[in-house]
Amino acid sequence: MSNMIRRYGAALTLLICLLTAFWLLMLVIMPNITLLESSFRPYLPVTEIGGPKDVYTAANYMKVFNGDVEVSPLGFTFHLPVHVLTFSLTIFYSVVVTLICFLLAYPLAYFMAKILNPRSLPTMFLLLFVPLWVSEVLRAFAWWIILALKGPLSWALVNLHIIDKEVRWITGYNGVMIGLVYTYVLFMIFPVFNAISSLDSNQIEAAEDLGAPWWRIHWRIVLPHAKPGIASGAVMVFMLSAGSLLVPSILGSTTSQWFTQTVQQWMLDALDWNTAAAYAFLLLIMCTLFVSVVMKIFRVKLSDIAN
Amino acid sequence: MSAGIDLQNVCCDFGNFRAVDNANISIKPGEFFSFLGPSGCGKTTILRMISGFIEPTAGSIKIGGKDMKGQRPNQRPTALIFQNLALFPLMSIWENISFGLEVRGVDKATRRAKAEALLEMVDLPGAADKMVSQLSGGQKQRVAIARALAVEPAVMLLDEPLSALDLKLRQHMRAELRAIQKRTGVTFIYITHDQGEALAMSDRVGVMSQGRIQQVANPRDIYNNPVNGFVASFVGENNIFAGSVNTAAEGMAGFDTALGPFRARLGELAKGGNLKLYVRPEHTILSETAAAENSVPVTVSEVSFEGAFIAVHGKTASGQTIVAELRNDGSATVPEIGTARFAHFNAAHAAILPDSTVGA
């Protein structure tokens, strides 16, 4: 602190500290506390706010268990509250997105870190970053156009005689998955790339010299070394996917529902901000729990990820 | 078990740069062979070609009589010890050592037993369950050797593995490596820029410069009978005199220099111009009276005490420095700086050599 005062002067130091404090308190902590507080209060007409009915209750959170639907995955039929189903599907498809991102990112990251001539790396980075210059909304719409029934993808495949007639690509969760993978795969590539870059190439050669085939080199040498990078990439992709609203809204089909869309419906359609807040916190808490459990299973520590 | 290696007309180009130029060498099974040379001379490239990480641009490499063309490192009967050892930090010591066996599908109990036996052999018992980071430099060295021996290679390739150790440990590990080689009978190919290491450990040494093998001989011949100026200067110290041959007979020659006529052995490859006379400081004698031949008057300009010997520098009238080494055994009288002496040497200990045999 004294170092900062010496360097910037007392006035500027004070300003910097105040601005940081303002941002943290007013723009991050306060809204969250307000939301948390309102999530425990019932949704009431304006006249009754502060009245006898306005008491703290967990009722908003319990709404997630209302309204059973019948589901039959793999031939087993059972009943599930509709929002629990949405939540489970959100988690499940987020996991799938994370796995697909890893399968795409790992070979590319390995190629960039160990095979590609380092002089070509800046070009490679540029190619990877160019799509980020376009806003997320436009990118999602671009995919919506590409995947449309009479869109470019169907047209190209029909004309190449790979398929006979146009295919409806956006059905079920297809569109959402494609959109999410496309949007968040970079968050997997870079941590994994960093992790693999830090591996001494001699170790790969030593393993090969001792007789290891390529897959064993990856299984025993590269993957264990890259584990923290993979974990941090996976956490990011999973959290961003589960919390994404834009992609499921644009690329969703009539049969896809993302939990964030349920939150949005409580907020904008039902105008019940209290329940919306409760659902939002449920998503946050459950995702954090899920990630913690998975990290425990794979024996990854939070400090590993931070590196 | 151990295999010989034949390099025939092996060349290796990196773009326009020829890293190894026409290497021909035959290494016998069970031999301890060293490649000695300055950094960038191509010795590591030769090692990487033998282990299979680099394919030669031309020529053939045979291990145990079998052509290795197109064979990947994991298909060759060689084991490489890297300069930085490249131990696997996320595995325990015994897993490191038995990695090559794990690859070959050996069951866990056998692997563990083999690792323990090898640890015993490299004098590191009880370290099986430690992690790499818990070991000292010398201990890591031993683990690397054990890991390479575990796959029972026909040829061990060592890329300056001792360079990171301190002097005392390095000397100890030299003897250890030599002993392990004798015990296992495996062919060792050792890469180093340290002439002391190469001379002390090897059965034969190949001295390399600028991609070419300059001389292959046993350590004694490398030091006593270098074929050219590069080998003479890279392995040991010399007093060097430029000049030209006037008469030659029976392997001896008269040599005219600016300091007067000398007589010395004529090197086998000493033909044409660009010849110089090389004599070791330990063969150079300083005396108060002139000798019958090969005698130069000098003024003592510097005396440096090196421990086992004392290096006396004399300056000739023309300003050239001649170094004479006196053994520090109590018998030597060290001349004062500024005194006049005669530097002389026996003709049999001096050699007339070309700068370099080929190219360069």
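Values below: all heavy atoms of this structure, side chains included; hydrogens, waters and symmetry mates excluded. Chain naming here is simple, since letters A, B, ... match the order of the sequence lines and numbering starts at 1 in each.
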Under 3.5 Å, is there a donor-acceptor pair between the side chain of [X] and the main chain of [Y]?
X: B/Thr187; Y: B/Ala3; value: yes
X: A/Ser244; Y: A/Leu240; value: no
X: B/Glu197; Y: B/Asp194; value: no
X: A/Arg220; Y: B/Val103; value: no

Proximity breakdown for [X] and chain A, heavy-atom pairs closer than 4.5 Å:
X: B/Glu102; result: both
X: B/Arg104; result: side chain
X: B/Ile81; result: neither
X: B/Leu80; result: both
X: B/Phe88; result: both

Exercise for the section: Could you look at A/Asp200 and say if it's the side chain, the backbone, both or neither that has a heavy atom under 4.5 Å from chain B? Expected result: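 Just the side chain, heavy atoms under 4.5 Å.
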Fill in the blank from the handout: Assert top hit (heavy-atom pairs under 4.5 Å, partner chain A, pool B/Gln83, B/Arg76, B/Arg48, B/Glu95) equals B/Arg48
Handout entry: Option that, when pairs with chain A are counted at under 4.5 Å, heavy atom only, ranks first among B/Asn84, B/Leu87, B/Val151
Key = B/Asn84
Enumerate, atom names and distances included, each donor-acceptor pair closer than 3.5 Å involving a side-chain atom of residues 104-111 of chain A, sequence neighbours excluded.
{"from": "A/Tyr106", "atom 1": "OH", "to": "A/His218", "atom 2": "ND1", "distance (Å)": "2.7"}

Practice task
Go through the side-chain N and O atoms of B/Ser34 and B/Ser202 and say whether any donor and acceptor fall under 3.5 Å apart.
Solution key: yes
Exercise for the section: In plain terms, say whether B/Arg178 and B/Asp203 are close enough for a salt bridge, that is, a side-chain N and a carboxylate O under 4.0 Å apart. Expected result: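 Here B/Arg178 pairs with B/Asp203 in a salt bridge, since their nearest N and O are under 4.0 Å apart.
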Problem - N-O pairing of B/Lys62 and B/Asp67 below 4.0 Å - result: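 A salt bridge is absent here (no side-chain N lies under 4.0 Å from a carboxylate O).
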Problem - Test of ring centre spacing under 6.0 Å for A/Tyr184 and A/Tyr182 - result: no
Exercise for the section: Tell me whether the centres of the aromatic rings in A/Phe190 and A/Phe129 are closer together than 6.0 Å. Expected result: yes
Practice task
Report, by ascending residue number, the residues of residues 111-144 of chain B in heavy-atom contact with chain A at a distance under 4.5 Å; give 'none' if the set is empty.
Solution key: none
